[in-house]
Amino acid sequence: MTIRTEWEISTKMLAPDIRRTSEVMALRASSDGTVYSLGATKDRWMIGSAAHCDVVLADPYVSSQHCVIERRDNGTLVVRDRRSRNGTQVDGNYVEAAELRVGSYVTIGRSVLVAMGTEAPEHTRAIEMLRGHDPAFRATIEQALRAANADCPILIVGETGTGKDVLARVIHEASRRARGPFVPVNCGAIPRELIGSELFGHERGAFTGAHNEREGYFVEASTGTLFLDELGELPIEMQPSLLRALEQRTVRRVGGTHERAIDTRIIAATNRLDGLGTDSSRLRLDLYHRIATVVLKLPPLRERMGDLVELAEYMLAELAPGQTKVITDDAWRALASYAWPGNVRELRHAVSRAVALGGNMLGAEDFFPDLRFGRAIPMALNSLADDMLPPYQAMMRGAMEQALITHGSIRAAATHMGMAKSTFADKAKAWGLLPRVRRPR
């Protein structure tokens with residue numbers, strides 16, 4: 001069975017007979033399943049901890065008027081932060097304002113609300129967000145789907161912006177815990193002095209300001225999945241406590257005297273790749289071996305540039321539904337030549353910028369504002385050689401060049417790209433990727 005066939009079968013198994021909708025109609029709390037309707041009779045909903053809010057969240061980390069959801073003239077919904085204490089996140093990114101789509105998850109304090117349509121696509125959204133046919137990328141997704149039901153800890157590694165949070169949601173949605181909560185936690189965003197309380201909970205009076213007892217994220221994610229994003233940012237002194245919870249499957253509240261059993265699946269992610277799995281890593285070696293039962297690596301965008309067309313067109317269709325937007329050849333060349341240090345997240349920002357600033361024909365300067373002011377943007381190696389190629393061939397050339405640099409031989413690079421060796425060699429020769437051999441005189 002080919003990789004493509006397995007991918008398509010896995011997607012169909014996750015989403016049988018689910019009607020899709022693009023209109024957000026409600027918000028669902030991931031912790032207890034409470035549904036907050038966003039009906040067509042109103043155009044504005046206030047979310048906060050104050051009693052007069054339309055959506056009241058009993059969460060000490062939620063401001064009294066934390067954020068507001070407003071309906072645009074075209075019917076789409078936008079969430080806007082109201083200068084809250086802890087900020088508002090959409091799909092793991094802090095925002096001042098962002099459009100809500102079916103399947104988006106909004107993090108407010110430590111509460112997570114999932115945007116739902118007329119019929120919520122409970123098992124489709126995350127896996128549909130992972131676009132691309134690069135063999136290494138698809139192999140990672142297949143490994144994730146196979147590991148989903150094993151219930152063992154999983155460590156996802158990859159550079160920032162590669163989609164580690166989305167892959168974690170895919171695993172959760174494909175597992176037997178899919179009906180339980182999915183609780184994402186950014187370990188780098190928790191103040192050092194509150195990490196123990198946030199993860200394990202605390203008793204009333206355990207420390208100054210602890211006016212009420214509270215459950216930690218481990219208990220909040222009970223029967224579901226706890227996603228510990230940026231695990232490498234967790235202070236070294238807190239890592240033994242996390243290791244103990246993983247090994248004994250119990251937690252003790254800060255200030256508490258007894259252990260509490262937990263039934264929580266752990267998925268962790270890190271972009272701290274230097275020395276990972278060695279004593280030089282910021283992640284303790286014993287914790288690494290405990291949590292890295294399965295290690296999934298997401299490749300950076302520069303190593304799968306053959307997916308750029310699919311990714312950009314998917315994002316364009318999603319961000320400009322019903323509009324006729326055409327990416328010009330010069331824009332495609334600029335997209336194909338750019339190094340993308342921020343990976344897929346940066347690409348999405350670039351497409352969003354182009355949709356907002358450009359007209360029907362999107363040029364390179366719409367994606368890269370620096371070009372408007374005559375400033376250069378960092379390009380990939382030998383990008384000038386791509387100028388005479390059609391856009392798709394330019395992207396394929398860049399992907400092949402990177403594969404040769406990374407893997408060192410035609411055979412290994414061709415295997416990585418999922419191409420026959422002879423086909424790879426012919427294209428590489430035609431596009432000037434192979435060193436010329438000097439004939440003896």
Side-chain angles (χ1 to χ4, degrees), residues 131-137 159-163 299-320 323-407 410 413-414 416-419 423-436:
R131 314 289 292 194
H133 289 78
D134 176 79
F137 176 72
E159 296 178 8
T160 183
T162 50
L301 181 55
R302 64 181 176 274
E303 292 184 6
R304 58 184 191 105
M305 289 296 284
D307 289 339
L308 188 60
V309 170
E310 180 180 353
L311 286 167
E313 289 183 343
Y314 168 74
M315 294 172 183
L316 188 62
E318 185 182 28
L319 294 169
Q323 302 181 44
T324 302
K325 299 279 188 179
V326 177
I327 301 176
T328 62
D329 283 355
D330 71 302
W332 278 122
R333 292 188 184 97
L335 292 170
S337 301
Y338 184 55
W340 299 110
N343 295 294
V344 177
R345 180 183 297 147
E346 186 181 9
L347 174 62
R348 185 176 184 83
H349 290 168
V351 176
S352 299
R353 186 185 305 118
V355 169
L357 300 179
N360 291 332
M361 301 298 292
L362 302 180
E365 67 279 0
D366 295 319
F367 293 92
F368 302 102
D370 282 351
L371 295 178
R372 294 177 181 268
F373 306 103
R375 294 196 293 267
I377 57 174
M379 297 293 181
L381 295 175
N382 297 329
S383 60
L384 294 178
D386 296 337
D387 286 348
M388 302 304 295
L389 292 175
Y392 179 78
Q393 291 185 14
M395 283 173 243
M396 180 61 71
R397 182 189 185 280
M400 290 172 61
E401 180 181 33
Q402 184 61 48
L404 280 170
I405 293 172
T406 302
H407 298 282
I410 292 177
H416 170 77
M417 295 284 294
M419 297 171 61
T423 302
F424 187 99
D426 290 344
K427 289 182 179 293
K429 183 178 180 180
W431 291 340
L433 296 179
L434 301 181
R436 295 181 179 178

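Only heavy atoms go into these numbers, but all of them, side chains included; no hydrogens, no water, no symmetry mates.
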Please report the closest heavy-atom contact between [X] and [Y], naming both atoms and the distance.
X	Y	value
Met305	Ala336	CE-O, 3.2 Å
Ala331	Ile327	CB-CG2, 3.6 Å
Gly342	Glu346	N-OE1, 2.7 Å
Ile410	Phe424	CG2-CD2, 3.8 Å

For this session: Applying salt bridge (charged side-chain N to carboxylate O under 4.0 Å, His left out), name anything that partners Asp307, two or more places apart in sequence or on another chain.
Result: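 In terms of salt bridge (charged side-chain N to carboxylate O under 4.0 Å, His left out), with neighbours along the sequence ignored, Asp307 is linked to Arg304.
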
For this session: Go through the structure and list residues passing salt bridge (charged side-chain N to carboxylate O under 4.0 Å, His left out) with Arg302, not counting sequence neighbours.
Result: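 Only Glu159 meet the salt bridge (charged side-chain N to carboxylate O under 4.0 Å, His left out) criterion with Arg302.
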
Problem set entry | Contact check, side chains of Leu316 and Leu362, non-hydrogen atoms, under 4.5 Å |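 In contact.
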
For this session: Report yes if some heavy atom in the side chain of Leu347 is under 4.5 Å from a heavy atom in the side chain of Tyr338; otherwise report no.
Result: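 No - every pair of side-chain heavy atoms lies 4.5 Å or more apart.
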
Exercise. Has the side chain of Asn343 got a donor or acceptor atom that lies under 3.5 Å from a matching backbone atom of Leu301?
Worked result: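 Yes, because the side chain of Asn343 sits within donor-acceptor range (under 3.5 Å) of the backbone of Leu301.
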
For this session: Would you confirm whether Asp134, through its side chain, and Ala136, through its main-chain N or O, come within 3.5 Å as a donor-acceptor pair?
Result: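 Yes, the answer is positive, given that a donor and an acceptor are paired below the 3.5 Å cut-off.
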
For this session: Determine whether more than 12 heavy atoms belonging to other residues, nucleotides or ligands lie under 6.0 Å from atom NZ of Lys427.
Result: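 Not more than 12 within 6.0 Å, no.
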
Problem set entry | Value rounded to 0.5 Å, distance of CH2 in Trp332 from CG in Leu308 |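 Spacing of CH2 (Trp332) from CG (Leu308) equals 6.0 Å.
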
All N/O donor-acceptor pairs, side-chain side in residues 349-361, below 3.5 Å, sequence neighbours left out:
residue : atom : partner : partner atom : Å
Ser352  : OG   : Arg348  : O            : 2.9
Arg353  : NH1  : Phe367  : O            : 2.7

